[in-house]
Amino acid sequence: MKANSLKTRVLFWFGGVSAAVLILFSFVFYYLLDQSITLKIQTQLYKQAIQIEDKITAREPIEQVLQNLLAQDYEASVFKTGKLIGQSKNFHLSNPGFYARYSDRFVMLKSEKYLKGIYVLTLSKPFNGKLIVTTHEINNTIEDMADTLLTLIPMLLLTLLFLGSKLIDKILVPVKHITKTATEISINNFSGTISVPDKEDEIKALVEAFNDMIVRLKEGVDNLNRFNSDVSHELKTPLTVIKGEIEITLRKLRKPNEYIKSIQTIAYEAEQIEHMVKNLLLLTKYSKENITRTFEHCHLDAILLSTLEKYDATGKEKQLHLNIEKLEPIVTEANPMLLSMIFSNLIDNAIKYTPKHKNITISLYRDEKIHFIIKDEGIGIPKEKLSKITDRFYRVDESRNKKIKGFGLGLSIVKNSVELHGGEMTIISAVNQGSTIHVVL
Ligand code: ADP
């Protein structure tokens with residue numbers, strides 16, 4: 001057992017408190033026992049003294065009275081003007097004259113083994129004397145009890161410490177388990193979780209919190225791994241284009257406009273890389289745990305209008321009819337950047353995948369929840385592809401999209417952002433008829 005371990009500290013405090021309680025209890029017990037025995041003896045002697053006084057004052061001959069006392073097993077002596085005038089035969093008290101100077105007083109003589117009570121009663125007129133009544137030598141049970149307590153306390157303390165140590169060991173089992181699991185966890189191994197105890201207590205809460213933490217860490221690391229593999233996979237194409245372009249250009253001396261064209265191609269690819277990395281980073285930046293810290297008071301209608309403004313020119317260019325069916329002023333706590341990403345990606349897709357002269361209808365309203373609905377009359381999404389289109393880098397049939405630029409990240413970002421706000425997104429679509437995307441927050 002380490003000197004500084006939790007177990008040692010708990011045992012130390014437990015032992016200290018138990019010892020203090022036991023000692024205090026013993027003192028109180030000793031005091032109360034002493035008081036009770038003393039009071040009992042005092043009452044008994046007082047009663048005897050009163051009985052004898054009655055007889056003496058009834059003017060019975062003093063020898064007769066003392067004789068009767070012996071028969072009753074009383075120990076008494078009678079003094080008059082400081083002189084002993086009679087005593088029962090079994091009266092044993094050294095120096096009774098000393099006590100005869102007291103009046104109406106109880107004295108308890110205590111030795112280690114015996115107790116002896118003495119009661120001095122002033123006899124009233126006409127006798128005018130002192131009556132001393134004593135007990136036999138009574139076994140000193142108080143001291144016996146003190147001795148018993150003195151041996152019992154250390155034994156009790158040791159038993160308590162032993163039981164306490166076993167109990168702490170039992171309590172610390174899950175903590176040791178947690179330590180072991182935590183030591184085994186590495187970036188490549190998140191397999192360990194701790195079995196949750198049945199009892200609803202602090203240990204269960206700790207184990208659950210720890211298991212949750214493992215799950216969150218695993219999610220974080222999975223996210224990073226996915227990000228790494230996505231980036232390395234998706235960077236390959238534009239980097240190959242850039243490399244090929246440079247190699248071809250450098251093969252021979254070229255005219256200035258050929259260099260310009262080549263650099264433009266490289267610049268375009270670099271821009272694409274930048275855009276993609278930005279989007280990928282956005283997907284890993286926020287998590288359910290940190291998102292609420294970024295929440296602000298957002299005017300959703302204002303964010304939607306300013307996003308629509310950005311797409312006004314593209315919409316007009318394609319001669320699309322952008323209709324706002326419903327637009328309610330809505331204020332809510334949210335991440336404004338992610339909200340704007342939701343709107344812009346969905347509007348961008350609707351414009352991209354809808355042929356000229358068609359309609360796009362937008363609604364934003366609130367009932368118990370906030371609803372954003374965007375409906376287009378575009379090329380639509382085949383039913384069997386619907387479940388995949390929110391996956392990263394997934395694009396429905398590259399050939400039909402050939403002329404339409406994109407990485408297949410937009411819907412993934414939208415889905416992620418909606419879920420971070422505790423919302424849901426549903427997509428209803430039919431090929432060549434159009435798509436309706438409904439976001440509920
Ligand atoms: P991107 O548009 O960059 O390719 P998204 O993740 O936004 O990536 O969309 C994934 C795929 O889903 C798109 O490639 C497209 O095939 C399909 N899609 C998305 N929105 C629509 C839409 N409004 N109409 C038809 N197809 C769509």
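Heavy-atom basis, side chains included; hydrogens, waters and symmetry copies ignored. Fair warning: this is a prediction, and the values are worked out from it, not measured in the lab.
Atoms OG and CE, from Ser417 and Met337 in turn, are 8.5 Å apart once rounded to the nearest 0.5 Å. The CD1 atom of Ile360 sits 5.0 Å away from the CG atom of Leu322 when rounded to the nearest 0.5 Å. If you take CZ on Phe343 and CD1 on Ile362, they are separated by 9.5 Å, rounding to the nearest 0.5 Å. Considering CZ of Phe295 and CG of Leu338, their distance stands at 8.5 Å, rounded to 0.5 Å. Taking CG of Leu411 as the start and CD1 of Ile342 as the end, the distance is 11.5 Å to the nearest 0.5 Å. In this structure, the separation between CD on Glu112 and CG on Asp147 is 7.5 Å, given to the nearest 0.5 Å.
Side-chain N or O atoms of Thr265 include one that pairs as donor or acceptor with a backbone N or O of Lys261 at under 3.5 Å. For the pair Thr179 (side chain) and Val175 (backbone), a donor-acceptor distance under 3.5 Å is present. Side chain of Asn140 to main chain of Ile142: a donor-acceptor pair is present (N/O by atom type, distance under 3.5 Å, no hydrogens or angles). Side-chain N or O atoms of Glu419 include none that pairs as donor or acceptor with a backbone N or O of Asn416 at under 3.5 Å. Checked by atom type and distance alone, the side chain of Lys116 pairs as donor or acceptor with a backbone atom of Thr135 at under 3.5 Å. The backbone N or O of Thr148 sits less than 3.5 Å from a side-chain atom of Thr151, completing a donor-acceptor pair.
The salt bridge (charged side-chain N to carboxylate O under 4.0 Å, His left out) test applied to Glu184 returns Lys180, not counting sequence neighbours. With sequence neighbours left out, the side-chain hydrogen bond (donor to acceptor under 3.5 Å, both in side chains) criterion links His177 to no other residue. Remark: Asp367 engages His371 in a side-chain hydrogen bond (donor to acceptor under 3.5 Å, both in side chains) (not counting sequence neighbours). For Asp222, the side-chain hydrogen bond (donor to acceptor under 3.5 Å, both in side chains) partners at least two apart in sequence or on another chain are Lys218.
Side-chain contact annotation: Glu325 with Thr361, donor-acceptor N/O pair under 3.5 Å absent. Counted by atom type alone, Ser5 and Thr8 present one or more donor-acceptor pairs between their side chains at under 3.5 Å. In this structure, a donor-acceptor pair under 3.5 Å is present between the side chains of Ser165 and Lys7. Side-chain atoms of His297 and Glu333 form a donor-acceptor pair, as typed in the model, at a separation below 3.5 Å. Side-chain polar atoms of Glu143 and Tyr30 form a donor-acceptor pair below 3.5 angstrom.
Inter-residue side-chain proximity for Leu346 and Val439 is flagged as met; some heavy-atom pair is nearer than 4.5 Å. Taking the side chain as every heavy atom from C-beta outward, Thr294 and Asn290 never approach each other to under 4.5 Å. Side-chain contact check for Ile324 versus Leu308: some heavy-atom pair is nearer than 4.5 Å. Arg254 places a side-chain heavy atom less than 4.5 Å from the side chain of Ile248. Side-chain contact check for Ile153 versus Ser26: some heavy-atom pair is nearer than 4.5 Å. At least one side-chain heavy atom of Met425 sits less than 4.5 Å from a side-chain heavy atom of Val414. Annotation: side chain of Ile132 is in contact with side chain of Ile118 (closest heavy-atom distance under 4.5 Å). You'll find the side chain of Glu245 stays beyond 4.5 Å of the side chain of Lys243, heavy atoms only.
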Only distances under 3.5 Å count here; give the side-chain donor-acceptor pairs of residues 372-384 to other protein atoms, sequence neighbours excluded, each with its distance to 0.1 Å.
{"from": "Asp376", "atom 1": "OD1", "to": "Gly378", "atom 2": "N", "distance (Å)": "2.9"}
{"from": "Asp376", "atom 1": "OD1", "to": "Ser435", "atom 2": "N", "distance (Å)": "3.0"}
{"from": "Glu377", "atom 1": "OE1", "to": "Asn359", "atom 2": "N", "distance (Å)": "3.1"}
{"from": "Glu377", "atom 1": "OE2", "to": "Asn359", "atom 2": "ND2", "distance (Å)": "3.4"}

For this session: Under the side-chain contact (heavy atoms from CB on, under 4.5 Å) rule, what do Val277 and Leu281 come out as? Steps first, then yes or no, please.
Result: CA-CA 6 Å; Val277 171; Leu281 276 175; 4.1 Å; yes

Problem set entry | Stepwise side-chain contact (heavy atoms from CB on, under 4.5 Å) check, Ile370 with Thr332 | CA-CA 9 Å; Ile370 297 166; Thr332 190; 3.9 Å; yes

Exercise. Does the side chain to side chain donor-acceptor pair (under 3.5 Å) test come out yes or no for Glu75 and His92, once each step is laid out?
Worked result: CA-CA 8 Å; Glu75 295 180 17; His92 298 292; over 6 Å; no

For this session: Could you walk me through whether Glu328 and Asp301 pass the side-chain contact (heavy atoms from CB on, under 4.5 Å) test, one step at a time?
Result: CA-CA 7 Å; Glu328 287 180 4; Asp301 47 319; over 6 Å; no

For this session: Using the salt bridge (Lys or Arg N to Asp or Glu O under 4.0 Å) rule, take Glu424 and Lys369 through it: C-alpha gap first, then chi angles, then the decisive distance, then the call.
Result: CA-CA 11 Å; Glu424 253 176 53; Lys369 298 200 164 162; over 6 Å; no

Problem set entry | Test side-chain contact (heavy atoms from CB on, under 4.5 Å) applied to Ile351 and Thr354, step by step | CA-CA 5 Å; Ile351 292 175; Thr354 303; over 6 Å; no

For this session: For Glu247 and Arg251, run salt bridge (Lys or Arg N to Asp or Glu O under 4.0 Å): C-alpha distance rounded to whole Å, both residues' side-chain angles, the deciding distance at 0.1 Å, then the answer.
Result: CA-CA 6 Å; Glu247 274 169 9; Arg251 236 173 245 164; 5.2 Å; no

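Screening residues 341-358 for salt bridge (Lys or Arg N to Asp or Glu O under 4.0 Å), with sequence neighbours left out, gives Asp348-Lys352.
Between Tyr119 and Phe106, the ring planes are tilted. Angles from 30° to 60° get that label.
Of all heavy-atom pairs spanning Pro154 and Leu149, the tightest one is CD-O, 4.4 Å. Residues Ala76 and Leu131 approach most closely at CB-CD1, 4.2 Å, considering heavy atoms. Of all the heavy atoms in Leu235 and Pro238, the pair that sits closest is O-CD, 3.3 Å. Residues Pro96 and Phe91 share a closest heavy-atom pair of CB-CE2, 4.0 Å. The two atoms that bring Asp104 and Thr122 nearest to each other are OD1-N, 3.0 Å, heavy atoms only. When all heavy atoms are compared, the tightest approach of Leu11 to Gly164 is CD2-C, 4.0 Å.
Both the sub-6.0 Å distance and the 45° axial angle are satisfied by Arg105 relative to the ring of Tyr102.
Atom CD of Glu258 has more than 12 heavy atoms from other residues, nucleotides or ligands within 6.0 Å. Atom NE2 of His275 sits in a sparse spot, with 12 or fewer heavy atoms from other residues, nucleotides or ligands closer than 6.0 Å. Residue Gln319 qualifies as enclosed at atom CD: its count of foreign heavy atoms under 6.0 Å is above 12. Heavy-atom contacts from other residues, nucleotides or ligands closer than 6.0 Å to OH of Tyr259 number more than 12.
A salt bridge links Asp34 with Lys110; the closest basic N to acidic carboxylate O contact falls under 4.0 Å.
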